[in-house]
Structures are given as C-alpha cells and as structure tokens.
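First up is the structure itself, then whatever we jot down about it.
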Protein chains: 2
Amino acid sequence: MDNFELNYSNFSHAEENYVKTIYHLSEKGEDVSTTAIADELKTKPASVSDMIKKLAQKKVINYVKYKGVNLTEEGEKIALWIVRKHRLWEVFLVEKLKFNWDEVHEVAEQLEHIKSKRMIDQLEEFLGFPKFDPHGDPIPDKEGKIHFIPAKPLSEAPIAKTLKVVSVSDGNPELLRYLDKVGVAIGSQLEIVEKIAFDDSIELIIDDRDTRLVSKIVADNILVVD
Amino acid sequence: MDNFELNYSNFSHAEENYVKTIYHLSEKGEDVSTTAIADELKTKPASVSDMIKKLAQKKVINYVKYKGVNLTEEGEKIALWIVRKHRLWEVFLVEKLKFNWDEVHEVAEQLEHIKSKRMIDQLEEFLGFPKFDPHGDPIPDKEGKIHFIPAKPLSEAPIAKTLKVVSVSDGNPELLRYLDKVGVAIGSQLEIVEKIAFDDSIELIIDDRDTRLVSKIVADNILVVD
DNA sequence: TTATCTATTTTATTAAAACAAAAAAAATCA
DNA sequence: TGATTTTTTTTGTTTTAATAAAATAGATAA
Ligand SMILES: [Mn+2]
Ligand SMILES: [Mn+2]
Ligand SMILES: [Mn+2]
Ligand SMILES: [Mn+2]
C-alpha cells in the first residue's frame, strides 16, 4: 500500500514501458508471450528475453522460461501508477490544452514517465477528479484502484438493442479521426441493424440519426454496454 | 527560424542536458570549460570530453581542444527551446497545481524533455502568455526570443537605494525556503543599510518593514534593479 | 626557462538496451 | 511416434553514456 506512494525511481524508461505493456497484454487473463511483447513494443524477441530476465530479478514479473510472464502485485502497482499518469495527462491535454482525442496518446506516452506523485495528485484535483480518460478508459485512483466497466466489443454486441459507447482504443489516431467523421463518441448511442456474415462488417444507427456500415476491425475497437 | 519549429527529436535526454548546461554557463560570456560542465552535471571531465566531441560533430557547439566550448546558433536555439519548456512548466506547477516555488525545479528538469511543440504553445496560451517564471527568469517566446532584464546581484548593488528583486536562482530549494521565511519574493523592495566588509554580509530592509542580515552567498543569488 | 601542478583528453572498461544469428525447447503436423 | 515448424532463449556485437587510470597539453611558479 505504501509502495504506491513512491515514485518508483529505480525503474528506467524502458523497464516502465515493458511493465505497462505486460499489464495491457494481461488484461485478457493469460500469461503474456515474448513475441506479443516484442510486437507491442516494436522490438525483437531477443531483446524481450533479456529484459524479462531483469524484470523477474527485480520481482515485478513472474517468469517461467518458455511459459510467458505475468505481473507480480508489485508489478501491477507500478503498471497502474503509469496508467494513472498516462490517462490524467490525456485528460489535461484535451480539457485544458484543446487537443483532440486523436492527438494525446503519443504525448502521454512521454508524460507518463515523469516522476512526481505530488504533481499527479495535484493534477487530478485540478482536473476535478475525472473518472475516465478521453477514450473512456478508467483512471486508477491515488491508491492504484481501478474500476472497470464491463463492456464488450461492438463486434460481439447483440442486434437491435440500444447500445452505449463506453470506450474506444486510443492507440491508433486514424481510427479516432474516422470516428470523429462518422460521429461516434464516448456516450454515443448505437443500434446494430445487421451483421453482414460475409466480412463481419456491421450496419448500425448512430444516435438515432445516421445509418452507417463499419468494418469488423472498427467494431472490434469500440466497446459498448447495453 | 523554421528550425525552432521542430521538436529536435534527434537529441537525446543527455545531449539536451549538456546543451542547456552550456547555455547557462555561457551567460557570463566566456567559453565554457570541461570541468565547469562536469561540475554542473555532476559527472566527470572524461565523460564531458566524450560528449563534447559528439555535440561538435552535430554542429551544436564550437569546440577547440583544450580551449573550451560555446554554442552555435543552432545550439542556442535548442537551448532556448528547452529553457522555454522548463520555465513554462514551472509556471504551470505554481499557478495551476499549487506548488511552492522551491518545489518546481526538479520536476521541470524532467518535463523540459517532453517533445511536443504543439503542447508547449498551447500551454503558454493556457497560462496567459506569462513573461517570467516563478523565479523571475524570462520565458523565451515561440520563436525562441528572450528578453533579459539588466539586473545585478544584491551583493554588488549600491547602498541606501531602493532596489527591486527581479529574480532569484532556482536551483537550490533551501535558498528559496529561506527567502520565504525572511519575506523576500519577486518584486520585493530592498534597501541595503550596510555592507559588512569582514564577511561581505549585507544588512537590508525588506519592503520597508524588517531589517535583516543576509550572507554574501544569499546576496549573490538575488538579482535586483534600482 | 625549467619544473611542477592542473586541466583536459585518450584509452580501456562497464552497464543498459537493442539486434542478428545460432541453438534449444515447445508446438504442430504427418 | 517421429519429423517439421514455430517460438523462445543464448551468444556475440553494437551503440550510448558513463567511469577510472594513464597520457598529454596548458598554466603557474620558481
Ligand atoms: Mn493513451
Ligand atoms: Mn487513453
Ligand atoms: Mn528551474
Ligand atoms: Mn525557474
């Protein structure tokens, strides 16, 4: 508990990125593979193998050779601390500096490594204790607690029900600009009219106004609740 | 001119710190020595010799072996770009996140390396285009222009004249907390009552209220105009 | 003008983070 | 099961930034 108070200054920029990546890849539950990490960090499996050993020694991940890794409690705390910073900075950029939601992720990737607990807690207060970032992702509180909304991808949602957009993946600016164009935002109401079996594309009504066809890959990246 | 528009992403964290340090050490006019840089960056002369060669190759400094270095035009642009970021972030921390002026420098040392011209220009606007940072230092504008106030150290100021505090050095938090305690701030009125020749300490009146004795080293770090 | 001292540079090592190529283990296929 | 393919790890290099120790240039002092 008190560990989260620290700034974790004994972790390098690179180590933090690995921990954060393992956290995100773990969200599906299973152990994370070397190649998955390499793909995500745009590096090579050989580099990942090296770093994994170091992180295991530092006790932030559990590692069994050839079996993949998962975060220890300590590792998860570090990951949540980085995620908290990332998302609060994204809110700041959108709410205060007039950034569009497709422009914040890259800068937040840098800002998330700035070490100052004090600054982040003050920033959170300054922003009015936001619960979600501009892409609908929940912001861990100062104790590292995070509250997930049970949502599913639009691609797996039922037909002919009123759905609400909870979050969208923030990594790809092109997707976000596309959503701007078609008028999908956090909180938008969607209703699936038809699922085209041939290519899994989806025809839907947006906010009771426009009818649109979106591809499977777009639908995979929009999380909704009904 | 257009170079300042760039984010200079081809410079590492370490290189940026060297360029900024050389900029600050150059303010006295002369070439900067290897040891001076090493002292400032808390590293060793051997490391500085290495880095100096690299920076000379990158054409951001002029370097003659055994003679010291100075910034090229390009180097000065980079330095001013970093200084601009540092000082705007310091204003943000004090004005928006309720930091005291002794708490901002360390965090700004990290924030100054974040690469996003867009963010800094927006931040400047958000802060209302401040001209000075919390320690009274001028903030370079988006073209990299900086306006110096011709001030001198309190230790070299004349006796029995009304002086105004223009800036104080921001590197040492202890000094800043001491100034808080004795009631010296940017804009304070000072009047030197007596200079004690024995140890160069100075007796002064602060804002027409308190009489105080401050040491030479404190007086060296307060810049005033009359 | 030497001799001595100090500042600077060079050389050789180290640590972090990455990569390619080779080796080994695990998974898949026949 | 045995052969083949894929994934992961190991080994050997590279680059960046730092250090200590040795060599050298410059400054100072006798
Ligand atoms: Mn993001
Ligand atoms: Mn986000
Ligand atoms: Mn500062
Ligand atoms: Mn300052």
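Chain identifiers are assigned alphabetically (A, B, ...) following the order of the sequence lines, protein sequences preceding nucleic acid strands; residue numbering begins at 1 within each chain.
- Between the side chains of A/Ser155 and A/Asp220, at least one donor N or O lies within less than 3.5 Å of an accepting N or O.
- Counting to the nearest Å, the P atom of C/dA7 and the CG atom of B/Asp31 are 17 Å from each other.
- Applying the 4.0 Å criterion to OP1 and OP2 of C/dA16, one finds that A/Tyr18 has every side-chain N and O outside that range.
- When only modelled atom types and interatomic distance are considered, A/Asp133 and A/Trp89 share no side-chain donor-acceptor pair under 3.5 Å.
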Less than 3.5 Å apart, which donor and acceptor atoms pair up between the side chains of residues 34-45 of chain B and the rest of the protein, not counting sequence neighbours?
{"unit_1": "B/Thr35", "atom_1": "OG1", "unit_2": "B/Ser33", "atom_2": "OG", "d": "3.3"}
{"unit_1": "B/Thr43", "atom_1": "OG1", "unit_2": "B/Ser47", "atom_2": "OG", "d": "3.4"}

5' to 3', nucleotides 2-10 of chain D under a 4.0 Å protein heavy-atom cut-off (B base, S sugar-phosphate only, - none) gives ------BBB
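- Within the 4.5 Å cutoff, side-chain heavy atoms of B/Leu123 are placed close to those of A/Phe92.
- A donor and an acceptor atom, one from each side chain of A/His86 and A/His105, are located under 3.5 Å apart.
- Nucleotide D/dT14 holds its C1' atom 15 Å from the NZ atom of A/Lys44, rounded to whole Å.
- Side chains of B/Val94 and B/Asn100 form no contact here, defined as non-hydrogen atoms less than 4.5 Å apart.
- Rounded to whole Å, atom P of C/dA16 lies 18 Å from atom NE2 of B/His13.
- Taking atom NZ on B/Lys58 and atom C1' on D/dT15, their separation rounds to 12 Å, with Å as the unit.
- Going from atom CD of A/Glu16 over to atom P of C/dA16 covers 16 Å, rounded to whole Å.
- Residue B/Lys42 contributes atom NZ, which lies 13 Å from atom P of D/dT19 at whole-angstrom precision.
- One atom, CE of B/Met51, and another, C1' of D/dT15, lie 12 Å apart when rounded to the nearest Å.
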